[in-house]
Each structure stands twice: as structure tokens, then as C-alpha cells.
Amino acid sequence: MEKTFNAEDAEARIYKDWEESGAFRAGANAAPGAETFSIMIPPPNVTGSLHMGHAFNNTLQDILIRWHRMRGHDTLWQPGQDHAGIATQMVVERELARHQQPSRREMGREAFTAKVWEWKAQSGGTIIEQLKRLGASCDWSRNAFTMSGAPGAPAGEEGNFHDAVIKVFVKMYEDGLIYRGKRLVNWDPHFETAISDLEVENIEVDGHMWHFKYPLADGVTYEYVERDEDGNELFRETRDYISIATTRPETMLGDGAVAVHPSDERYAPIVGKLCEIPVGPKEHRRLIPIITDEYPDPTFGSGAVKITGAHDFNDYQVAKRGGIPMYRLMDTKGAMRDDGAPYAEAAGVAISVAKGEAMLTEAEADAVNLVPDDLRGLDRFEARTRVIDQITSEGLAVMTEATDPRLGKAAVKAPVEPSEGGEMRTEDENLVPLVEAKKIMQPFGDRSKVVIEPMLTDQWFVDTAKIVGPALEAVRNGTTDILPEQHKKVYFNWLENIEPWCISRQLWWGHQIPVWYGFDLTGAGFTDDEGDGALDEVELRRLLSDQSLLKGDERHHAAASFAEVAERFGDVLADLPTPVHHARVVEVADRATAIDTISESLAAYTVDQDPTKLVYPVWRDPDVLDTWFSSGLWPIGTLGWPEETEELKKYFPTSVLITGFDIIFFWVARMMMMQYATVGERPFDTVYVHALVRDEKGKKMSKSLGNVLDPLELIDEFGADAVRFTLTSMAAMGRDLKLSTQRIQGYRNFGTKLWNAARFAEMNGVFGHARWQPGQPIEATANKWIVGEIAKTRAAVDEALTAFRFNDAANALYAFTWGTFCDWYLEFSKPLFDADAAEETRAVMGWALDQVLIMLHPFMPFITEELWGASATREKHLIHGDWPTYGADLIDTEADAEMAWVIDLIEKVRSVRGEMNVPAGAKVPLLKLALDETGEAAWARNEAMILRQARIESLTSTDAAPKGSATIAVHGGTFALPLEGLIDIAAEKARLEKSLGKLAKEMGGLKGRLSNPKFLESAPDDVVEETKELLSGKEEEETRLKTALARLAEVS
RNA sequence: GGGUGAUUAGCUCAGUGGUAGAGCGCUUCGUUCACAUCGAAGAUGUCGGGAGUUCGAAUCUCUCAUCACCCA
């Protein structure tokens, strides 16, 4: 054997062997009738590459899978990737730009998605290859993709995922669990799509808070009074305005109200009054009501908050509660709207709404563009500047002294007094607009990096409130367990306060929503004047013009295809007069085409009165579904659902899900809800939530900080086994990992240690030797003992893995392999190989090494597989090795006690040698002053080992220790090391006294407990017994040391 | 502001009521035929502070302090 394991060389070769032999296949190594064990990989983003979190997550999965596979269970680790709508679309668009190809919009949807598939074929496998480097034993033959089977998918991308997604959407639509609605969503103005909360990063930035005066309407004034906590008046003035603070002045244009807290007495006199938004043409200033709501914080700013329901999440809630209209101000690119009627007209509508003279439907409100004509089309940040300027120039900004510290850096130092040479100023000249410099949390798109705009748009939503019940109940009653415990709280917290889930995205890459729209032509009041079933021109015009045809008011149906959906529009057509209700449903590209088509169709009819040519155009929703919607079906979709496959029957519900805490809500909760909603079953038995991998200083790894550790580089440097073992040994539940390369290096050394232990075995003829079998008799105590130690380790590892305590399992194996197997057993074996016990020791060591390799395999698969192959001719790869089941039956308690005695003696001799500075190479004689029968037997059986390990030359019986010797007290006996000339008496005395002091302290505690009657009364018997034994042992040692000390005094 | 968690050796952290451990680092010694990616020995703790429950608390309860993360 080489001196060290060559990871770089071996890993690729070994992985290839496994893969080519089908070792990862579902059911591989399963015993007949075995129980099943299945894990669904959390599908990585198809554009992604392996990062530390993946490495951690997949290491844990691989450990469980390999462990179960070796136990003969019918195992499936299902791999796959998700199609990552926005990320993938972005990557491909960038590629197109880089190669000077036509843009997405230039080439059109179909051509673009074809490009995406092309890209996926070329680059989509990156992360799979990376997972293989880690040693992941997924069944790659089953690799799944959340876009498989979608229209346009090329050969090789067949699959059922698209069918599953569409089927679930249609079913949920028909069950009333999915609806279309206008709600506030996170809008990304760069990608022009709604995005999820998860894709929004809230970052603290330097911002400003502007303070403006909203004049009260109709010349109303009030006494504004400020009081301190005790109600003493601090300040009073008559005001004709209400003061508002805002970080986003441009949204003032869409204000629907000003809100104050109901308890806020300062504004009580003007609640219910109207005030004026101080921006826009003077003659069309909008008036909005002052209302009360619990949301405003009276202690923050002026205590009054402007309410812009269409552009702020808090305001949205207030507006909903108060029935305040919400006016959208921006277009999809985040520019001020430039559509609809001129400002004067729009403002008029809004004013009559504010006065309670008119009501708007959502669609009608959305059609109202309240952006003043001069601001239309401007970017939102440019509009902000203009709004500020306009208000300030009108004198409606709240003013303050230029020295006001709230102005931050903009504040000037206190003006120089005229007497000191400063220019004389009037007070008015000193005042500047109050613009507070303030840290504000601003939402950014995690991919686009632009400021996210909360926007009121038409989207599809899952009515999560209706499907959350079973998902909550399953965790409450333990049907699905979430570990660690604390994450159940997170789960409950999310689900108990669940919001509707926006599932539509304005992208091209994804599952196109299977919904078709048609105009709602059933407008009230239409009559066929003649009742003759034939429409004349007048009637037709009226039919069309009576319809508002507003966006958002369409009728819609869902189905898997146009053919299926066409017949469902019968409900629209049925209500229409003859002959229109016989119109043929046709599919057109979009809404605009539909308007043209229907007009043309009706126009043609008025000419030839041929009812067979009448058509009713419908168009498909261009949007796609949120990637999480498809990921939500991962557990069943990967197993072939909606088809009733064998795999589905066998492996679903799955056993364990291992995932990060950050997607408990986004993914775990949604899988729970969707699996219950579609197949009425839990998706998994246990969810193991792991923590975050941080850098060694505890910082989150991020590209911008430059503290990212690349798992692949680490694997290159230290080998996959070391990286895996490091992550595993640090995987204490619920704690983040602080990863340092030093630590990885330590575990690389562990691998080397194991390698050299095997090398030692090889050199001593173990490799070719027949293995000991449990049940066969053993002579040598050390051999009996190591068998028992293996059995204890087996139990510890199984117990730890059963409880998902990965770090306990790893650390138990580390401690055993290094601390017991290498440090003691291999050393003990050396003299055994020179004696009669050699054959037995070869057999036992071979067995023990096999056990170590087997148990370490899930954690360090490569080096163990390599050693497995090297150390004997094997029928199977270690990946399919037989995980042991032996237990306490292999433990020989007498051998245990004897070895403990031997080790204790050796350690004590070594300790004395070390403390007394006996040269490490020197062999010294040992004197036996007293030894009981058990001790004599133990010595006799293990003499060679003791002499070698303690570097003792000989053992001689004597009655009294000679001058200058060090005393060693063990259970049942006293020994002495004659160190004449090497030590002085004072040093030995000091050593003994130190030991006695330590003993006395320990005994004090033990005695204290035992002399307490309440302890004897209430503590369990075994604890009392244990304490007594401990004390008597200490007492014996104390006696021996005291005797030695007394003798020392005599001699000196 | 709301929620969750943390505070144990110089560092990173285990410790699930029975009197404190590991790895790394540090000091000294050592190349004895598996391994210097190693071995032997050693030092280091008011378990964040305080109070309570208990025969007994690092562990359970309360409280204070500090820090971290998530949500607003």
C-alpha cells in the first residue's frame, strides 16, 4: 500500500465503479421484502453550481441513504433540478446578449424557450457533476426536472412534470383553490414580473424622510397640541394642515387617505375631514380623507401616515381595512404611468370617490391614472425629485433650522454670530426643508439588484387558507415530524398567518398557466329589440359598447388544452342572444387580437348575416407559474404522478426531507399543502432542517464579502471524504457551522490515520487472513475487548443516526477509530503478533477493520471503499456492504474491566515518566508493592503489552519502595518506579500531594452527597450505587498515595 | 417593535437533572519496525450575571446583560 490515500486519483475511479455497477439504483442491495427508505433531493436550481450549503445538505442525505442501503432497505434517493424561472431566463438572456444574438423579445417566445432548452442541454448538468464529486449516491437514472414534458421540450426531456403541474392547477382551479385577483405583489421593474418574498433582499441603505404639509380642505383649522408623558402641554399652535413624513414622495400621487392612530389626541379634531395632496396642478388638487387606523405609530414622525394602498404593503392593509381606493401609479418598468385619460379627468374621478359620490370596481380604479401630465412617463426616481421640488417651491415642505441634526450631513454647523464676523440673517433665511437623513430598509431584487416596487397587479393566487389545515394538523399530531423542534414553531408561525400565494410570473420560461380568457359579453341590459334572434347593426354596436372590456374583468376557464377549454366557454355564450351564442370559440394570440377578431366577426355578420361565421375569440394567459408551484409537487411529480406508478406506490410518502431553514415556508410548507391538496397524503415522515454554513468568523458566506469557500476547491485540496466528515461532525442540530480549512485538514488527517491503520494490518498479514466471525471463541483479552468496543460503537452510531444526530455519529466513529482502535488496539496487537495469539489477532483485527470501514462508509465513502477493496477479495462493493446488527452480546464485561485496568496502569506510568522527565526512550524497571488476585491475573495476561506501552524493562516484587521512587496507585494494587537520581524527593512529594488534593476535592463532593439523607432517599438506586463505588475507588487510591507519602517522609 | 436562538477552555463547539468534555491551538518531550497528515505527557473553566425549583442545575423556571438571525 501507498503511504497515504490519493483522493484525487481514487475518487473518480471509485465513483465510476459504483455508478456503472448500478449501485445507486432504486432498490439496489435491498433484502427481499425490505422496508423502503426514500429521500427527494431538494432540487437545486438548474443554473446553479455547488455551494457549501449544497455540500452540507447532500452529505447528510447521502449518509442516510448509504446507511439504509447498507442495512438492506429498499432505498431511493431521487435527484433532480428545478427550472428556476427567473434565474434561467436571466442567464439565457445574458448569453444571447453576449453573443450578439437577437434579444428575447426580438426572437419571440417559442424561439426563446427553445434557446433555453438548448442552454439546459449544454450547461444544465453542471451541478449533477459536482454532486458526484461529493460522492452523492443518487439514482441518476431517475434524474428529474421540473419542466420535463413541457411543450417544446426536446428529446431527452420527456417526463411527466408538466402534466402533473397542469393537472394540479386545473384541479385546484376547479375546486376554487386558485383564483385571479388584484393584490399587492413584489414587482421587479427590471424583469417586469412579480417575484416572491424569497427573491427580495431587504437591505438597509442611506435614505431620506421628507416632511410635508397636507393642507386641510375648506379652510379648516385646529389647535395642534403636543403633550409630554404626564399630559403637560409642551407646545400649541393653530394649524391649517396635517404634517406627513414619507420616504417615498413620488407615491403621494396615489394617496387614498391620511391615517392617524385612534388614540392620537393631536389629530382627533380633524379625523373625518378632508385634506389636500400638495402636488399636481393646483386646480385639480385631490382631496383625501383623514382616517383612523391602528397602524400609525403616534410616536413615530408626526404620527400621521399617508396611505398609498397600491404601492406599500402596510398601506395596502390599511386601505383594505378602511375601504380606501388604491391607485396604481407606475407601469411594468417602474416608470410613472402614461396611459389612460388626462390627469384632469382622472383626478375628477378620484375626487368624487373621496367625497363618497362614486364607487369604483378594482378594474375601474386600476384604469385611473393619477399621475399629473407633466410627470407621466418619468422614471420613478426622477418623478420623486420633481414632486419634492414642486412641493417645496409651493412652501408646503415642513421647514427646520439648517443646523437641525436630523438633516445629517446636510446640516450646517451653527451659524457664526454677527459679532464674530458672521453675516446677519433673519430667522426665515435660516430655515431649510426638513429632510431627515435616515437609514431605511429598501427591498432589492436578488437577481436584478433594482429596487422592488410593491405593485397592485392582476395575478393568480392559491387560496392557501383553504388548504393549510391538513398541513398544520399533520405536524401538530406528529404525522410529519420536523427536526429540530424549534423549527416547528417557525412552521406554525408561517402557516397560522398564511397569506394568499401569488403563483403567476410574467416570464416565458416556466409552465404557462393553462387558463384562457374571453370577454364577458353578458353585460346587463342588453336586449334583442325585435326578439327575432337576428342582430341588427344597432344591437351589435350596443352589445360591444355596453361592455367595459376592462382588463381584469374577463371571463376565464382552465383546462389542459385549448380543445378542452373551448367547450367551457359555453357558460359565457349561453347567456348571449341568438345567434351569438352559437359563435365558434377560436384561440387568438392575445387580448388585443381578441378585440380585433370579435369586432371583425360582428362586422362581417352585419354584412352577410351568416351566423356560422361568428367567432368568440379566447386567448391564453401568457404568464407562467412560480417555480415553487412545480417544486411543490416534487415528491409526487418525481415518482411519475399523475400516473399510478410502481415507484409512487413504493416510495411515497417519502421518509425524510433534508433542507435548509430558509425555505421551510417557501418549499416545505407548500409541499405539505400541495401534497395534501392533490393526493391527500403527507409528502414525508420527517423533515430534518439543517443550519447555515458560515465562514470561520461566523459571517454568512457571500460573494460580495469574498468569504465564500468553494466546496469543489476544498474537495480538490483535502478530498471529498474530509469535506464530508467535517460538515457532518459539525452538524449539531440547530446550530450554524463555522467552517475553517484547518478543521477540514484535521479530518483529512483522520483519513490518513485510518489508511495507515489498514497499512499496519496489511503488514501483519491481516488482509489475506480469514475474518473472525461473531460467536467464535477468543483467547486474548485485547481481542475480546476490541470486539465489545466495536459493538458499543455500532450501537452508538445507529442510535445517533436514528435520531438524526449526525455529529454524534461522526464523533463516535472518530473517537473510536482514532482513540480506541488505533491508539490502543493496534498498539496492543504488536506483542500479540509475536506470540501464540497471532492467528487469532489477525482474524479479529481483520474483522474489526472491516467493521470500522463499514461504519465509516456512509461518512467517508471513498477511502473506505478503497480500503475495502484493498484489504480482501470481496464479493460486493462496500457501498453494498452489510451493516452490522450485533449488540451487547459481543461485549465481555470482564475483558472490559481488565483492559480498563491495563490502560489505567499504562497511563499512570506514562504520566509519572512525563512529569518526572524520564527520557522517552529509556526503559525503566517497575516495582510491585502490592497487587490483588485480579490484578495479578490481569498483569499476567497482558504483561507484554504493559511493558511495551509503558516502556517498562521488568517487574519486580518488593516490600518497600526504595528511596527516590515514584508511587503509582491502581485499583487493587500499588506500583513504584525507582527513579533514583532522576527525581528528587521534593518533586515526588509535590506530585503526590497534588494528586491527593485533587482526590480530596472529588471525594468531598461524593461524600457530601452520600452523607445527605435526602440524596439517599430521592436519588435513583443506581446513581447512589455508582456514587458509592466511585467513592470507594477514590478512597482506595487515596490510601495508597498516603502510604506512599508517609514512606517518602520516612526515607527522607 | 414582534419572533427565534445563542452565551461552556485561547479558538470552534458537544454536553437531552447526577458534579465538565472533544477538536484545533499552546508548552515539554520523542523519529520505538502503521502513521511527523504521527506519538507521549502537560496547562487552561465562578459553564454570561443574579434569583428560584431540586437531595443535586451547564442542563428546568424567572430575570438582567450582550450577540446573532428572521419578520416588520
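Lettering of chains follows the sequences in order, A, B, ..., and the numbering in each one begins at 1.
The C1' atoms of B:G1 and B:G17 are separated by 37 Å, rounded to the nearest whole Å. Straight-line distance between the C1' atoms of B:A65 and B:C55: roughly 32 Å, to the nearest whole Å. Atom C1' of B:G56 sits at a distance of 15 Å from the matching atom of B:A20, rounded to the whole Å.
With a cut-off of 3.5 Å on both pairing distances, B:U46 has no Watson-Crick or G-U wobble partner at all.
Dashed line: the shortest gap from a side-chain N or O of A:Asn202 to OP1 or OP2 of B:C71 is not under 4.0 Å. Phosphate proximity of B:U4 to A:Lys488: absent, as no side-chain N or O sits under 4.0 Å from OP1 or OP2. In terms of phosphate contacts, A:Lys908 brings no side-chain nitrogen or oxygen within less than 4.0 Å of OP1 or OP2 of B:A41. Residue A:Lys830 has a polar side-chain atom (N or O) positioned under 4.0 Å from OP1 or OP2 of B:A34. The phosphate of B:G39 (OP1 or OP2) has a side-chain N or O of A:Lys753 nearer than 4.0 angstrom.
Between the C1' atom of B:G21 and the CG atom of A:Asp808 lies a distance of 13 Å, rounded to the nearest Å. Summarising the geometry, the separation between CZ on A:Arg948 and C1' on B:C33 is reported as 8 Å, rounded to the nearest angstrom.
The side chain to side chain contact (heavy atoms under 4.5 Å, CB included) with A:Leu853 is formed by just one residue from the set A:Ile863, A:Leu867, A:Thr817; it is A:Leu867.
Closest non-hydrogen pair, A:Gly303 versus A:Pro296, comes out as O-CB, 3.7 Å.
Relative ring orientation between A:Phe750 and A:Trp818 is described as parallel, the plane-to-plane angle staying below 30° on a 0-90° scale split at 30° and 60°.
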